[in-house]
Amino acid sequence: MPELPEVETIKRTLSPRLVGRTIEKMEVRTPKFLVGAGPDEFRRRVEGGRVLDLERRGKFLILRLEDGDLAVHLKMAGQLVWCRPGDDLGPTREKHTHVVFHLDDGHELRYVDTRHFGRVYLLDGDPDDPLLRRALRTLDELGPEPREGGLEWEGFRARLAARAARLKSLLLDQAFVAGLGNIYADECLFRAGIHPLRLASSLSEEEARRLFAGMREVIAEAIEFRGTSVRDYVDGEGREGSFSERLNVYGRTGEACPRCGAAIERMVIGGRSSHFCPRCQPPPEPSPRTNV
DNA sequence: AAGGGCCCCTGAAAGC
DNA sequence: TGCTTTCAGGGGCCCT
């Protein structure tokens with residue numbers, strides 16, 4: 001599941017290989033992954049253009065091309081792999097290679113997606129395309145990045161106080177903070193020692209500070225370790241990330257909490273599995289209506 | 001504003 | 001062993 005640290009790692013591994021290159025040919029194997037233009041128009045806009053720059057915003061990777069910008073959202077299982085034309089990525093990934101960008105240096109960039117949730121957007125494509133409009137709006141409404149230079153304390157504190165939502169759901173809301181997914185939301189809350197069911201507005205000043213710092217630390221560390229590979233994630237060179245070994249709670253139901261030894265618990269919140277330590281992350285006070 | 005439910009999609013894992 | 005069912009998950013969308 002590529003979240004901020006994974007997409008950032010992909011950006012960093014792809015940048016030196018793509019920037020300055022010209023896309024000679026765009027091979028569309030599965031048209032449904034393209035949004036903003038039909039395959040022919042999409043190709044026409046992309047082919048022959050140089051890659052000017054790569055950027056990341058939340059979980060979106062943006063490719064700035066000479067004749068228009070592309071945005072890629074990998075959703076659950078998307079991969080962008082830079083390789084040689086003959087390279088064999090194995091039967092599963094071969095079967096799910098949907099778009100191939102052929103570069104002028106003989107390499108290619110393959111868009112692979114086994115779950116078929118991801119999309120490639122032509123950002124200045126057909127303005128009447130509802131899927132494109134939706135993506136542009138999402139991009140426009142993305143919240144601050146949970147890193148230095150993005151999220152700042154005063155604003156974070158104020159926006160937390162204004163929300164009644166459970167923290168787990170709020171951290172997953174891309175308009176609140178951009179780039180966190182299920183893995184890092186759980187890890188951030190563990191780092192901060194805050195239960196995922198706590199309401200945002202109920203946090204003390206001290207807890208809000210721990211969450212603020214915890215998010216930055218977890219994200220910075222995850223980038224440093226090149227992301228987390230629990231399922232399909234690999235970076236632009238096909239390498240897995242090593243933050244997986246440093247996960248404290250995600251996917252560790254029943255295991256001992258690395259801080260206190262209590263058994264990690266799992267519960268479903270907002271339809272997402274949530275992992276936490278019942279001792280380090282004390283549950284919220286029961287609601288007044290709950291009684292005996 | 002918040003939350004539940006459904007959908008997209010398919011490989012992996014669990015169940016029988 | 002092998003077939004069938006369930007699950008996971010980012011995010012949009014609809015409904016209450």
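Chain A is the first sequence line, chain B the second, and so forth, proteins listed ahead of strands; every chain is numbered from 1.
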Give each protein N/O atom lying under 3.5 Å from an N/O atom of nucleotides 14-16 of chain C, with the pair distance.
none

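- For the pair A/E187 (side chain) and A/N248 (backbone), a donor-acceptor distance under 3.5 Å is present.
- The separation between A/L170 atom CG and B/dA1 atom C1' is 11 Å, rounded to whole Å.
- The stretch residues 157-168 of chain A touches DNA chain B through A/R163, A/A164, A/A165, A/R166, each having a heavy atom under 4.0 angstrom from the strand.
- Looking only at distances, a side-chain donor or acceptor of A/D186 sits under 3.5 Å from a matching main-chain atom of A/H275.
- Looking at residues two or more places apart in sequence or on another chain, you find a salt bridge (charged side-chain N to carboxylate O under 4.0 Å, His left out) between A/E66 and A/R50.
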Quick one, A/R147 with A/I223, criterion side-chain contact (heavy atoms from CB on, under 4.5 Å). Give me CA distance, side-chain angles, the key distance, then yes/no.
CA-CA 11 Å; A/R147 308 174 65 199; A/I223 291 173; 3.9 Å; yes
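- The shortest side-chain heavy-atom distance between A/T13 and A/W82 does not fall under the 4.5 Å cut-off.
- Between A/K59 and A/E3 there is no salt bridge, since none of the side-chain N atoms of the basic residue sits less than 4.0 Å from a carboxylate O of the acidic one.
- One can place CD1 of A/I269 at 10 Å from P of B/dG3, the figure rounded to the nearest angstrom.
- In this structure, CG of A/D173 is placed 12 Å from C1' of C/dG10, rounded to the nearest angstrom.
- In this entry the distance linking CG of A/L197 with P of B/dG4 reads 10 Å, nearest Å.
- Between the OH atom of A/Y184 and the P atom of C/dG10 there is a distance of 12 Å, rounded to whole Å.
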When you compare the protein's N or O atoms with those of nucleotides 11-13 of chain C, which come within less than 3.5 Å of each other, and at what distance?
residue	atom	partner	partner atom	Å
C/dG11	OP1	A/H73	NE2	2.4
C/dG11	OP2	A/K59	NZ	2.8
C/dG11	OP2	A/Q174	NE2	3.4
C/dG11	N7	A/R272	NH2	2.8
C/dG12	OP1	A/T138	OG1	2.8
C/dC13	OP2	A/R134	NE	3.4
C/dC13	OP2	A/R134	NH1	3.2

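- A donor-acceptor distance shorter than 3.5 angstrom exists from the side chain of A/R56 to the backbone of A/G58, with no hydrogens or angles considered.
- The side chain of A/S273 places an N or O atom within less than 4.0 Å of a non-bridging phosphate oxygen (OP1 or OP2) of C/dG9.
- Residue pairs meeting the salt bridge (charged side-chain N to carboxylate O under 4.0 Å, His left out) criterion with at least one member in residues 75-90 of chain A, sequence neighbours excluded, do not occur.
- Ring centroid separation for the pair A/F190 and A/F276 does not come in under the 6.0 Å cut-off.
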Set out, line by line, the N/O atom pairs under 3.5 Å between protein and nucleotides 6-9 of chain B.
residue	atom	partner	partner atom	Å
B/dC9	OP1	A/K32	NZ	3.4
B/dC9	O4'	A/R115	O	3.4

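- For the side chain to side chain donor-acceptor pair (under 3.5 Å) test, residues two or more places apart in sequence or in another chain that qualify with A/Y184 are A/E6, A/T228.
- For residues 152-166 of chain A, the pairs satisfying side-chain hydrogen bond (donor to acceptor under 3.5 Å, both in side chains) are A/R157-A/E205, with sequence neighbours left out.
- Evaluation of the side chain to side chain donor-acceptor pair (under 3.5 Å) rule for A/S202 yields A/R198 as partners, not counting sequence neighbours.
- For the helix from B/dA2-C/dT16 to B/dC16-C/dG2, the terminal axes (five pairs an end, C1' atoms, rotation from four pairs onto the next four) enclose an angle of 50°, given to 10 degrees.
- Counting only residues at least two apart or on different chains, the side-chain hydrogen bond (donor to acceptor under 3.5 Å, both in side chains) pairs with a member in residues 255-268 of chain A are A/R252-A/E255.
- Both A/L14 and A/V19 sit in one connected hydrophobic cluster of ILVMFWY residues. Membership requires side-chain heavy atoms under 4.5 Å apart, directly or through other members.
- Contact between the side-chain N/O atoms of A/R93 and the OP1/OP2 oxygens of B/dT10 is not found at any separation under 4.0 Å.
- Remark: the A/H96 side chain and the A/H116 side chain contain an N/O donor-acceptor pair separated by less than 3.5 Å.
- Partners of A/R272 under the side-chain contact (heavy atoms from CB on, under 4.5 Å) rule, at least two apart in sequence or in another chain, are A/K168, A/L172, A/N182.
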